[in-house]
Engineer: 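Please read through the structure below; I'll follow up with questions.
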Amino acid sequence: MASTDPPDVRTDAPRRGPSADGARRGAPRTVPLPGLTLAVRSLPGGPGVPSSRGTPPALYVHGLGGSSLNWLALMAELGGDVDGEAVDLPGFGYSPPPQDGDYSVSGHARAVVRYLDAAGRGPVHLFGNSLGGAVATRVAAQRPDLVRSLTLVSPALPELRPQRTALPTALLALPGVVHGYRRLTRDWTAERRTRAVLSLCYGDPSKVPEEHLAEAVAEYERRLALPHFWDSLARSARGVVDAYTVGGQHGLWRQAQRVLAPTLLVYGGRDKLVSARMARKAGRAFRDSRVLTLPDAGHVAMMEYPREVAAAVRRLLAEADGAPPPPGARPAEPGSGS
């Protein structure tokens, strides 16, 4: 099940580079599209940051309750390998709600496709986490011309027996539950809410530096003031649950089988929302897959272990482009946990 991902909290303080710091300040640029407006974030250059000029394009798609900020650590790690952009899905981050009110997985996928078509940057190396993983899977299956490779971090693909720790997030999809939750937690501070999300999404929340926590709390306060915050969250959660129940050719597992792009699947051994046991099934579903399981990671491995995820991504990029793998890259095991 997808998560209410934290705004941008990382456990790798020594690795934080100037490009990540620069992207944290201020709002991303806005891109008007038919029926919606998307906020898109790029990493500015900085001292010691490799230039992405001339590198292949990449697009990052966040999870439920998250934003483009969730990808800053990995974007900084891959700054010299891809020309990366991260979107705020409609109703999240700095993107306003879609004009048609469609928060389904297909609706979010259409938003991504509209942006890629309008930007003319495809095919891209496409990344997705949680809800964004389901969205990216749908995009790759339906528009293979737009996707050069696919990297999915704890993708929200249907589980027959979800973990108990994932059920509260699924309940957000039920009518009235969000209203009841808001009433029960109306006295909670933004810090308490942020810490609750960290405990759900991180393998070891205690490793989060205090300065990162303070930044995340400030971002959470900003989001809570948005009139559409809770509606976007509830409707997108409902969209994930609805996608889980769809069968036939539109089912997410069937669409995973249709993906032609080489695919990297990343799972966390301590993930409370998407079980690491799904790695084996996903490895079989995607026809050209390799799987990386990080035993101590939670639901947002790209934020907790950006260096390890980036190393696996570099090997995928080399394979997708037909080049030899970078020196020292450790391959992820094809089609199974590693």
Engineer: With R258, which residues qualify under side-chain contact (heavy atoms from CB on, under 4.5 Å), at least two apart?
Structural biologist: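 side-chain contact (heavy atoms from CB on, under 4.5 Å) check on R258 returns A141, Q255.
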Engineer: Please enumerate all residues that pass side chain to side chain donor-acceptor pair (under 3.5 Å) together with R121, with sequence neighbours excluded.
Structural biologist: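 Here the qualifying residues are D83, E85.
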Engineer: Y267: what forms a side chain to side chain donor-acceptor pair (under 3.5 Å) with it, not counting sequence neighbours?
Structural biologist: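 Applying side chain to side chain donor-acceptor pair (under 3.5 Å) to Y267 gives none.
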Engineer: Carefully, step by step, assess V309 and L294 under the rule side chain to side chain contact (heavy atoms under 4.5 Å, CB included).
Structural biologist: CA-CA 9 Å; V309 174; L294 297 170; 4.0 Å; yes
Engineer: Kindly give the heavy-atom pair with the smallest separation between L38 and A111, and that separation in Å.
Structural biologist: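 That would be CD1-O, 3.7 Å.
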Engineer: A side-chain contact here means heavy atoms from C-beta on lying under 4.5 Å apart; do C201 and M303 qualify?
Structural biologist: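 The answer is no, as the side chains (C-beta and beyond) never meet within the 4.5 Å cut-off.
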Engineer: Go through the steps to decide whether T55 and D81 satisfy the test side chain to side chain contact (heavy atoms under 4.5 Å, CB included), and finish with yes or no.
Structural biologist: CA-CA 6 Å; T55 57; D81 302 285; 5.9 Å; no
Engineer: To check you understand the geometry: which heavy-atom pair defines the closest contact between M75 and A86, and what is its length?
Structural biologist: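 Shortest heavy-atom contact: SD-CB, 3.8 Å.
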Engineer: Could you check if a side-chain atom of V82 sits within less than 4.5 angstrom of a side-chain atom of V313, using non-hydrogen atoms only?
Structural biologist: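 With C-beta onward as the side chain, the pair stays apart.
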Engineer: Can you list the residues that meet the side chain to side chain donor-acceptor pair (under 3.5 Å) rule with D117, with sequence neighbours excluded?
Structural biologist: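 With sequence neighbours excluded, D117 shows a side chain to side chain donor-acceptor pair (under 3.5 Å) to R143, given in chain and number order.
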Engineer: Same cluster or not: V240 versus F229, using hydrophobic residues (I, L, V, M, F, W, Y) connected whenever any side-chain heavy atoms lie under 4.5 Å apart?
Structural biologist: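 V240 clusters together with F229.
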Engineer: Any non-hydrogen side-chain atom of D204 less than 4.5 Å from a side-chain atom of R270?
Structural biologist: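 SC-SC contact between D204 and R270 confirmed.
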Engineer: Indicate yes or no: at least one non-hydrogen side-chain atom of V139 is less than 4.5 angstrom from one of L126.
Structural biologist: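 Yes - at least one pair of side-chain heavy atoms lies under 4.5 Å apart.
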Engineer: Over all heavy atoms of both residues, which pair between G66 and R223 is shortest? Give the atoms and the distance, please.
Structural biologist: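 Here G66 and R223 meet closest at O-NH1, 3.6 Å.
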Engineer: Would you say the side-chain atoms of S42 pair up with the backbone N or O of V40, donor to acceptor, closer than 3.5 Å?
Structural biologist: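 The answer is no, because no donor-acceptor pair under 3.5 Å joins these two groups.
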Engineer: Between E159 and M278, is there a donor-acceptor pair closer than 3.5 Å when you use the side chain of the first and the backbone of the second?
Structural biologist: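 Checked: no pair found.
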Engineer: Which heavy-atom pair separates P155 from G133 by the least distance, and what is that distance?
Structural biologist: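 Closest heavy-atom pair between P155 and G133: CB-CA, 4.1 Å.
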Engineer: Report the C-alpha separation of E77 and R307 in whole Å, then their side-chain angles, then the decisive distance to 0.1 Å, and conclude whether the side chain to side chain contact (heavy atoms under 4.5 Å, CB included) test is met.
Structural biologist: CA-CA 7 Å; E77 288 285 346; R307 182 173 296 175; 4.1 Å; yes
Engineer: Does any non-hydrogen side-chain atom of R193 lie less than 4.5 Å from one of L224?
Structural biologist: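 The answer is yes, as the side chains (C-beta and beyond) meet within the 4.5 Å cut-off.
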Engineer: So V217 and R195, do their side chains get closer than 4.5 Å, heavy atoms only?
Structural biologist: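 No - every pair of side-chain heavy atoms lies 4.5 Å or more apart.
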Engineer: In Å, rounded to the nearest 0.5 Å, how long is the span from OH of Y115 to CG of L33?
Structural biologist: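 It is 8.5 Å, given to the nearest 0.5 Å.
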Engineer: Is any side-chain heavy atom of E319 closer than 4.5 Å to one of P262?
Structural biologist: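 Answer no - side chains too far apart.
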Engineer: Taking all non-hydrogen atoms of both residues, which atom of V291 and which atom of G283 are closest, and how far apart?
Structural biologist: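 Of all heavy-atom pairs spanning V291 and G283, the closest is CG2-CA, 4.1 Å.
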Engineer: Output, in order, the C-alpha distance, side-chain angles, deciding distance and verdict of side chain to side chain contact (heavy atoms under 4.5 Å, CB included) for R287 and L260.
Structural biologist: CA-CA 7 Å; R287 63 178 69 189; L260 301 176; 3.5 Å; yes
Engineer: Atom OG of S154 and atom CG of L265: how far apart are they, to the nearest 0.5 Å?
Structural biologist: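 Rounded to the nearest 0.5 Å, the OG-CG separation comes out at 10.0 Å.
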Engineer: For residues V246 and W253: do they belong to one hydrophobic cluster (side chain heavy atoms under 4.5 Å, members Ile, Leu, Val, Met, Phe, Trp, Tyr)?
Structural biologist: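 They do not share one cluster, since no chain of ILVMFWY contacts under 4.5 Å joins V246 to W253.
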Engineer: Under the rule for side-chain contact (heavy atoms from CB on, under 4.5 Å), what residues qualify as partners of S232, not counting sequence neighbours?
Structural biologist: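 With neighbours one apart ignored, the set is F92, Y103, H228.
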Engineer: Would you check if L131 and V105 make a side-chain contact, meaning some heavy-atom pair closer than 4.5 Å?
Structural biologist: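 In contact.
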Engineer: Kindly state each residue pair satisfying ring-ring contact (aromatic ring centres under 6.0 Å, His included) with at least one member in residues 125-153, sequence neighbours excluded.
Structural biologist: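 Matches after skipping sequence neighbours: Y60-F127.
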Engineer: How long is the span from the OG1 atom in T293 to the CZ atom in R280, to the nearest 0.5 Å?
Structural biologist: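 Going from OG1 on T293 over to CZ on R280, the span is 9.0 Å.
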Engineer: NE2 of H62 to CG of N129: how many Å apart, nearest 0.5 Å?
Structural biologist: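 H62 NE2 to N129 CG: 10.0 Å, rounded to 0.5 Å.
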Engineer: On a heavy-atom basis, which atom in S236 and which in H108 lie closest, and how many Å separate them?
Structural biologist: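 For S236 versus H108, the nearest heavy atoms are OG-NE2, 3.2 Å.
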Engineer: CG of L43 to CZ of R41: how many Å apart, nearest 0.5 Å?
Structural biologist: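 Result: 9.0 Å between the selected atoms.
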Engineer: Distance check, rounded to the nearest 0.5 Å: E210 atom CD versus L213 atom CG?
Structural biologist: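 CG of L213 is found 5.5 Å from CD of E210.
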